[in-house]
Enquirer: 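Structure in structure tokens, see below.
Sequence lines set the chain letters: A, B, ... in the order given, protein chains first and strands last, and positions in each chain run from 1.
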Amino acid sequence: MIGEKMIAQVIVDVAAKQTDRIFEYNIPTALTDVTVGSRVVVPFGRRKVQGFVVGITDKTEYKGKLKDLLVVVDEMPPLTPELVELSAILAKKIFSYRITILQTMLPRVMKANYRKILTPIDKATAQLDLFSGEPIDLDEVTDLKKIVQIKKLIKTNKAKIEYLVENKAKKKEEFVYQPNLGAHVYPEIKTSLRKNAINQLALITDLIDNIASYPKTGKELQEQLHLNSAILKQAVEKGWLKRTKKETYRDPLAEVDTKNVPKDIVLNKDQENALNEINKAITAKKAQPFLLEGVTGSGKTEVYLHAIQKALASKRNALMLVPEISLTPQMVEQVKARFGSSVAVLHSGLSTGERYDEWRRIRRGEAQVVVGARSAVFAPLQNIGLIIIDEEHESSYKQEDNPRYHARDVALLRSKYHNCPVVLGSATPSLASRARAQKGNYQLLRLTQRANKKALPEVKLVDLKHVEFAGGQFDLSVELVDKIKEKIAKKEQVILLLNRRGFANFMLCRSCGYVMQCPNCDISLTMHKDTGMMECHYCGHKEPIPRKCPKCGETKIRFLGTGTQKVEEELKELIPASKILRMDVDTTRRKGSYKKILDQFGEGKADILLGTQMIAKGLDFPNVTLVGVINADTSLQVPDYNASEKTFDLLTQVSGRAGRADKKGEVMIQTYNPEHYAIQLAQNQDYESFYQKEMVVRHQGNYPPFFYTILISIASKNEQAAAKFAFVVKRKLMEQLHAPTIILGPTPSSIAKIKNQYFYQILVKYKKEDKLIPILHELQDEAQKIKKQGLNVYIDNEPERII
DNA sequence: AGCACGCCGACT
DNA sequence: GTCGGCGTGCTC
């Protein structure tokens, strides 16, 4: 190829329908390291933008004159050819721009910063007060007079705009020192030193005695020899030491304690069988999806860890996804204890710097095992031999905003590329996955016994329609309160679930019936007693708690709909001696507070852990013998087709928190719907019956997994405009799609207004519809045009939530 | 998405 | 006459 003109195909960093395609550039001969996956800077119109090379070619269809690539940003291309290819496949599937997907594959710091700088052309201009010696950042100029002046300068050709592309990513570097002279020279230096040069003496002595331990970092030298940086600087100047820069990594696992984790656990028969099947697929390099269905406590994690071991033993790497919420130190410790420094962790708790460093370790092949939340599915791991998705039913694997990808789908695509198995694990698999296992698309593996041989906890339903309440409120039954007291007396611990934060759900005036609403959203304001505010959980609007009705002025106002804060207060009154930890979004907002609360509970510093659904998953506290669900109905009342599934999952998962060690566990579920099948079957932890029953319901309702779904949302501040355009879209769909396809809506979404925008939705349910994808891409085209009129269109392929 | 070009109404 | 409002079209 030498001597031939090479051309780079680039996806530019301009997220728009019109620019969502390849632009071609000449590769100047000076740039030798341009390959597929390179991050580059290119001229684009008048500007410079970042872009990614997705192809290299030697011929072009382009009629104009190609421009040259300007810069290759990184020494190593950040994207692998696999990820470049994956971005193209995904873009078509999820109605997202390719550049948006490429950017989500990379750490946030790799997104470019753009600046416009005004620079004077002649000396006289440079002397103007405006510049005061410095170039001007045009994005920061707000003074109108200055803007006028600047425009004039540009027009008269006295100043010009320079477009800059900045790289935010900063590598952490430290200084490394090594001997600069032969070993025999240092004793000579030692004798020539003045007696009071204690620090220099210490350094030279160390160089004589421990020369083999060099090179040392500045930090090490300073700590070991109690030196300061001035001494090191001198030593370099005198030629004793040579100083170089070395890149280091910020290590998020530095504090993780790995001592107390058991390393070798004997698998039971079920686990052994499952592992064998997975291992076979690893060895055979087969892109086989497995559904690992196992009751809570059946030891799925052990199977994962053994399978990872197998992958590593076969000289291949492993990727393990867990829901953000269960990416607890407990979990990380387990993995780290097995695989040590070959583990990299990616999750939202890391600082951007830590995240970047972990990511680079993976990219360079320095990590063999990656554990992370949703976005870790894009980890630049090569030679993957195994992908694990724990708690595969979790809806957090679906990203709720653009790009709306599902980590499970991405994992399946990657497994095909790498020819490796995917293990989807859950106690309550998603109906979609379970159905695929039924059809034989996935291989079903079952763990039927709890690893510790303990019986599942006994679950009791408390029918709130016929029950005596404690303490004059209508939240806690006497039965539940008595049980809590009994456990506390035995020095055992209790977990209480209430899937609603705040103090009270809404404020009602008994005099005029007024309910206090959010001015921006179509939803009632939640009362937060601790902050003294009425808060909107959708847009964050806050206002003080009223003392009288804002409408009629009467003081007969009531706060209804119990949240975690209120239950906390009631419990303190009913069981004054109890110590309660509350865990919800409000108490875990600060970094590290999540871990802090769990640590306190684990150390037995509290009797009751009261929280929203974030306490339902994955927690493992041996002393917890009672789990109470204060209201099982909250998640049933959601108007989503999968409300039953979510309820069943939540109840089953939270029940699994009870009795994880030697002590027997008990669960009490309070509900107004004790006859509902999701609740009944959760009582028996009977996933199989739930699956059968729910499949019938879904079949009757023409819902997934029998139909594919696409949700089109149209939002605008102008309600009529949103509704009108929604009907236009519907008409278009009706004209072009054929009979078995079902088009529902448009209807206002169940919360019709969020952040001052009205939402109208159309749900398309289809089995086979070739035209749909092109039609939706057309719609996306149109969406961009009408965006200026304040109309937003969102397309969600396989939505998890239909609000 | 930006940015420029161009066309039209409203001002020094 | 010029300024600046926004609609339209292009970026290798």
Enquirer: Using a strict threshold of under 4.0 Å (side-chain N to carboxylate O), is an ion pair present between Lys646(A) and Glu800(A)?
Expert: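 Lys646(A) and Glu800(A): salt-bridged.
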
Enquirer: Collect all protein-nucleotide pairs involving nucleotides 4-9 of chain B in which both atoms are nitrogen or oxygen and the distance is under 3.5 Å.
Expert:
unit_1 : atom_1 : unit_2   : atom_2 : d
dA4(B) : OP1    : Arg46(A) : NE     : 3.2

Enquirer: Of the residues in residues 12-22 of chain A, which ones touch DNA chain B at a heavy-atom distance under 4.0 Å?
Expert: Val14(A), Ala15(A), Ala16(A), Gln18(A), Thr19(A)

Enquirer: Round to the nearest Å and state the distance from Leu66(A) atom CG to dT11(C) atom P.
Expert: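 Distance check: Leu66(A) CG to dT11(C) P gives 12 Å.
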
Enquirer: Would a distance-only check, ignoring hydrogens and angles, find a side-chain to backbone donor-acceptor pair under 3.5 Å from Tyr703(A) to Asn642(A)?
Expert: no

Enquirer: Round to a whole Å and report the spacing from OH of Tyr62(A) to C1' of dC12(C).
Expert: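 Whole-Å distance recorded here is 5 Å.
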
Enquirer: With a cut-off of less than 4.0 Å, is there a side-chain N or O of Lys116(A) near OP1 or OP2 of dG2(B)?
Expert: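 No.
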
Enquirer: Check whether any side-chain heavy atom of Gln382(A) lies under 4.5 Å from a side-chain heavy atom of Thr80(A), and answer yes or no.
Expert: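 Gln382(A) vs Thr80(A): side chains touch.
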
Enquirer: Measure CD1/Ile11(A) against C1'/dA1(B) and give the value in whole Å, please.
Expert: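 It works out to 15 Å between those atoms.
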
Enquirer: Looking at Asp586(A) and Arg589(A), does any basic side-chain N land under 4.0 Å from a carboxylate oxygen?
Expert: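 Result for this pair is yes, salt bridge flagged.
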
Enquirer: If only atom types and distance count, is the side chain of Arg363(A) paired as donor or acceptor with the main-chain N or O of Pro78(A) below 3.5 Å?
Expert: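 Yes: the side chain of Arg363(A) pairs with the backbone of Pro78(A).
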
Enquirer: Regarding Tyr25(A), tell me which of base, sugar-phosphate or nothing describes its non-hydrogen contacts under 4.0 Å with the strands shown.
Expert: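 Touches sugar-phosphate only.
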
Enquirer: Give the ring-plane orientation class for Tyr766(A) versus Tyr708(A), where under 30° counts as parallel, over 60° as perpendicular and anything between as tilted.
Expert: tilted

Enquirer: Can you list the steps and then say if Lys116(A) with Tyr114(A) is a side chain to side chain contact (heavy atoms under 4.5 Å, CB included)?
Expert: CA-CA 7 Å; Lys116(A) 281 158 60 183; Tyr114(A) 296 102; over 6 Å; no

Enquirer: Rounded to the Å, how far apart are Gln784(A) CD and dG2(B) C1'?
Expert: 12 Å

Enquirer: For Tyr97(A) and dA1(B), give me the distance from atom OH to atom P, rounded to whole Å.
Expert: 6 Å

Enquirer: Any carboxylate oxygen within less than 4.0 angstrom of a Lys/Arg side-chain nitrogen, looking at Asp20(A) and Lys17(A)?
Expert: no

Enquirer: Write down the distance between CZ (Arg115(A)) and C1' (dG2(B)), rounded to a whole number of angstrom.
Expert: 18 Å

Enquirer: Between dC12(C) atom P and Phe52(A) atom CZ, what is the distance in whole Å?
Expert: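 Rounded to the whole Å, the gap is 18 Å.
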
Enquirer: Got a sec, which residues hit salt bridge (charged side-chain N to carboxylate O under 4.0 Å, His left out) with Lys398(A), two or more places apart in sequence or on another chain?
Expert: Asp796(A)

Enquirer: Please state how far atom CZ in Arg47(A) lies from atom C1' in dC10(C), giving the value in whole angstrom units.
Expert: 11 Å

